[in-house]
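This report refers to the structure that appears directly beneath it.
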Number of protein chains: 2
Amino acid sequence: MNQKELAKIAGVSSATISRVINDDPNVKPETKEYVREIIKKYDYVANINARNLRASSSNTVGFLISNFNNPFFIKIYQGIESICRKHGYIVIIGITNERVEEQEKAIDLFLSYQVSGIIGSFVDVDNKILNKLQRLQKNVISLDREFDILDFDTIVIDNEYGGIEQVNYLHSLGHKKIAVIYGKLDSPGKERLNGFEKGMANNGLKSKEEYKICGNYNEPDAYYATIKLLQLKDPPTAIITHNNLMCIGAYKALKDLKINIPDNVSLIGFDNFEFADYLEPGITLIDRPINQMGEMAGEMLFDRLENKYIGETRRIVLPVKLKINKSCNFLTTQ
Amino acid sequence: MNQKELAKIAGVSSATISRVINDDPNVKPETKEYVREIIKKYDYVANINARNLRASSSNTVGFLISNFNNPFFIKIYQGIESICRKHGYIVIIGITNERVEEQEKAIDLFLSYQVSGIIGSFVDVDNKILNKLQRLQKNVISLDREFDILDFDTIVIDNEYGGIEQVNYLHSLGHKKIAVIYGKLDSPGKERLNGFEKGMANNGLKSKEEYKICGNYNEPDAYYATIKLLQLKDPPTAIITHNNLMCIGAYKALKDLKINIPDNVSLIGFDNFEFADYLEPGITLIDRPINQMGEMAGEMLFDRLENKYIGETRRIVLPVKLKINKSCNFLTTQ
DNA sequence: TTCTCTGTTGTATACGTATACAATAGATTA
DNA sequence: TAATCTATTGTATACGTATACAACAGAGAA
C-alpha cells in the first residue's frame, strides 16, 4: 500500500495524502479528517526510504561504540536515544569492536543512511576517516576519546586527575606497593596511566614495571593480571584498575583466590558499575557523571543540527570524583 | 556524490558504477578494477534509502524491547545483532517501555523501514497490531512472551516449571512462610505465578495474600516490597523473586536493613545476572539459557527469510534450571 | 563476405515520497 | 457585471538506485 493506491481508494490525489500526513495547513479540515480515517482504516505507513530519499536526509543519528559489553555504552545509548526520540530522530548503532576496519564499515553505513550526525567513541582516526566525517560538517561528537586530528565537539572526563586521585588515596592509606591494571592505550587509557605515573612521582613512590599490567579493558584479562600480580615474589598491597570491567575482573580473582579485600589487598576502581556498592566490600572508585554524558552529547549534537549553536568546536571535560567505600584499607604492618 | 556524478568523473555510465558496486559478473574485469579505484578515491557510498526504495526491501530487522534497563535485552540484542551482521542485515531497535502506544509507534517505524522481519518482546497484541504484523508473513518471532492471538514462531522458557522449582527448593529446606515478589502479569509473569501457586499447593503450603506483592519487574518496587514484607507482624522466612531486577531490589533492601541472607531470610531469584555469583552470599536462582535466546531467534528468523524453513509455526520452550548458591539456608527453629 | 553470437556498456525507467507549479471553483471587490 | 483574490486540489517531477532492454563491437562460423 502506497500513497497512490491509497489516493485511489480515497478518491483524492496522492498529493493530498502526503499533505495530510505532513499536516499541511493548506488542506480543508474535512478532507484532512476524512483522509486520516482512510489512513487509519488501511493502517497506511509511509515508506521511510522514499521519504528520506526525497528529503535527501533521514532524521537519523549514528551512534558508534565498541560493543555493549561495557554497561557504560548502554547508559550512554539510553541518554542519546531519549534525546533523539524527543527530536523525532532515530538512532542507528554501529559497532567497532575496537577495530578500525569495523569502524570504517560502521561509518560507511552511517553515511549510506544519510545520518544527520554521529556521536562516537572512535577507535582511531586517520585522514581517510576524517574525510568521511567531514561530510557531516560539524555534526559529529567525539565521546570519551580525543584525537589531535579531529576538530569536532568533544566530551571527555578528567582521566588524568582520576588516575592521580587513585594513587593519592592509596598513598594516604600508607600503601607503597601499588600495582595498576591499565587498559588499551587509547586516549583515556594513556591519560589514566599518565595520572598514575604522576601520582606515584608526586608522592615519591617508585613505579615498578612488574606492577603494571595491561588488562585490555576487559574482565578476563584483568582477572589473570590480578592472579599474576599476586604470584609475584613481592606482591603489591593495593591494586588500581583503570575501568569498571577490569575492576570486576580483579575483584573476582581476589574472591576466587580467597584473598580478603581490603585487609590483604586494597582494590580501587575507575568508573562506577551497577553493583559496586553491593559487593562485599563495596568498591572504592573514581566516579564519573556517566548519566549526563549521553544526554549531553545528544543535546550538543542537536544544538548543531538545529543551528542553536554555530561556532567553534567545543571541548567539555567532565569532572570525576573519588567515591570512597570499603575496598581500601590502611596498610597494616606486615 | 551519487552514481551519476561519479559516472561522469569515471567516464562510464551510472549503470556500470551500480554493477561494480553489486559485483555484477557482466563487467569487464579491467573496468571493474578501474571503477573500484574511483569509488575508493572519492569515498563513494551508495545511498541506502534509494537502494532500499528501488529494491522494495531493506535488509533490516526490527528488534522490539521494553528498554535496556534489563540486561536481559542487551544479551539478546548482542545475539541478534551478530546473526544479522553475518547475513548482512541491520538491526533497528524499537522501544516500548511496556506501553502499547509506544509499541504501536515502534512497529509503525519498523514497517516504514520495510523491515524484513521483527523479533519482539511484545507488550500486548490486539487485532490492530496483529494486522500490521501479518504484513511480514511469518517473519515475526515472539520472544519471551506468548499471545493466543499470535500465530508466529515463539521462543519462551519454561516459566511455570521455574516457579514451581523455586518453591520446591525452599520447601526442601524447611521453609513454610514463603513470600513472592512477582512481576507484571504478562505471559511469563502469569506462568511464574501459576508455578508458585502450584508449587505451594503441591507441597501442602498455604499461599498467603499478604506474602504476595507485585514488584513490577523493577528494582525499586521490589526494594519497597521487600521492606513491606519484613514489616509484617509475621514476616516470611524466605522470599522468592520473579526476575533479576526484583531479586536485586530485594537483595539491596535486605542488605540495607542489615538482615542476614540466608540466616534470617532466604532469597531466591529468577533469571541470572552478572554479579549473582559475586554478591555475598551468591544468589540461588532459576537460570535460563539467555545467551542462546538471541542467536536462536535470529537464526529462526533467517531460516524463514531465506526459505530454509517453510512451514508450521514453531514454538520453542527452553528449559530452566535451579542454580544453587548460598542465598538460601535451612530454616532454623525460631 | 555475411551472419550470428557473445561480451560489454549505455539508456531509460520504476521504486514512493514531497512539493513546485498549475488549475479550479468560489468568494470578494470594484 | 467583470476582475481579482483565496482556498483547495491535482499534475508533474526529482531524489539515487538497480535493472530490463537496447546497442554495439568484435569474434567466430558459414
Side-chain angles (χ1 to χ4, degrees), chain A residues 1-39 42-60 88 90 108-116 135, chain B residues 1-39 42-60 88 90 108-116 135:
Chain A
M1 175 73 70
N2 57 28
Q3 280 184 2
K4 221 180 262 181
E5 288 171 25
L6 199 69
K8 200 173 284 174
I9 291 168
V12 299
S13 73
S14 67
T16 297
I17 305 278
S18 179
R19 289 192 186 104
V20 172
I21 287 169
N22 294 290
D23 204 16
D24 186 322
N26 298 318
V27 179
K28 187 155 56 154
E30 301 94 74
T31 310
K32 211 175 239 184
E33 199 182 346
Y34 164 67
V35 170
R36 284 205 174 119
E37 272 169 25
I38 300 277
I39 288 174
Y42 289 87
D43 278 334
Y44 166 76
V45 280
N47 182 322
I48 211 165
N49 298 306
R51 248 188 161 170
N52 290 344
L53 175 61
R54 160 72 213 217
S56 301
S57 73
S58 68
N59 281 19
T60 299
I90 301 299
D108 283 350
L109 184 74
F110 290 163
L111 294 179
S112 76
Y113 266 101
Q114 318 295 110
V115 294
S116 308
R135 294 192 197 165
Chain B
M1 176 73 69
N2 57 28
Q3 281 184 1
K4 221 180 260 182
E5 288 171 25
L6 200 69
K8 201 172 284 175
I9 291 169
V12 298
S13 73
S14 67
T16 298
I17 306 276
S18 180
R19 288 191 187 104
V20 172
I21 287 169
N22 294 290
D23 205 15
D24 186 322
N26 298 319
V27 179
K28 188 156 55 155
E30 299 95 76
T31 309
K32 209 176 240 181
E33 201 182 343
Y34 164 68
V35 170
R36 284 204 174 119
E37 274 169 24
I38 300 278
I39 289 175
Y42 289 86
D43 278 335
Y44 166 76
V45 281
N47 183 321
I48 212 164
N49 297 307
R51 241 181 171 180
N52 290 344
L53 175 60
R54 160 72 213 216
S56 300
S57 73
S58 69
N59 283 17
T60 299
I90 303 299
D108 282 349
L109 184 74
F110 291 163
L111 293 178
S112 77
Y113 266 102
Q114 318 295 111
V115 296
S116 307
R135 295 192 197 164

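In the text below, chain A, chain B and the rest are named by the order of the sequence lines, each starting its count at 1.
Counting heavy atoms from C-beta on, the side chains of A:M1 and A:I9 come closer than 4.5 Å. At least one side-chain heavy atom of B:D23 sits less than 4.5 Å from a side-chain heavy atom of B:R36.
With values rounded to the nearest 0.5 angstrom, B:T16 atom OG1 is found 11.0 Å from B:N26 atom CG.
The interatomic distance linking B:K8 (NZ) with C:dG10 (C1') rounds to 15 Å, in whole Å. Atom-to-atom, OH of B:Y34 to P of C:dT8 comes out at 18 Å; the value is rounded to the nearest Å. To the nearest angstrom, C1' of C:dG10 lies 13 Å from CD1 of B:I17.
Minimum interatomic distance between B:A10 and B:Y34 (heavy atoms only, all atoms of both residues): O-OH, 2.8 Å. In plain terms, the two heavy atoms of B:A7 and B:S13 that are nearest each other are CB-C, 3.6 Å.
The main-chain N or O of A:R19 is never found under 3.5 Å from a side-chain atom of A:K32 such that the two would form a donor-acceptor pair. Within the 3.5 Å criterion, the main-chain N or O of B:Q3 finds no donor-acceptor partner in the side chain of B:S14. Not one N or O on the side chain of B:S18 forms a donor-acceptor pair closer than 3.5 Å with the backbone of B:A15.
The residue B:N26 sits close to a base: some heavy atom pair falls under 4.0 Å. Note on B:T31: only backbone sugar-phosphate atoms sit closer than 4.0 angstrom, heavy atoms only; bases stay farther off. Contact annotation for A:T16: backbone-only contact, meaning every heavy-atom pair under 4.0 Å involves sugar-phosphate atoms and none involves a base. Among the protein residues, A:N22 comes within range of the sugar-phosphate backbone only, with heavy atoms under 4.0 Å from sugar or phosphate atoms but none that close to a base. Among the protein residues, A:A15 comes within range of the nucleic acid bases, having at least one heavy atom under 4.0 Å from a base atom.
Where DNA chain D meets chain A (any atom under 4.0 Å from a heavy atom), the bounding nucleotides read 5' to 3' are D:dT8 to D:dG16.
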Could you go through residues 43-51 of chain A and list every donor-acceptor pair under 3.5 Å that involves a side-chain atom there, pairing it with any protein atom two or more places apart or in another chain?
from, atom 1, to, atom 2, distance (Å)
A:N47, OD1, A:N49, N, 2.7
A:N47, OD1, A:A50, N, 3.2
A:N49, OD1, B:N52, ND2, 3.4
A:R51, NH2, A:N22, OD1, 3.2

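In terms of position along DNA chain C, the nucleotide closest to B:P29 lies nearer the 5' end than the nucleotide closest to the other residue of the pair B:A50 and B:P29.
Over its length, the helix from C:dT1-D:dA30 to C:dA30-D:dT1 turns its helix axis by 60°, as judged from the five terminal pairs at each end, rounded to 10°.
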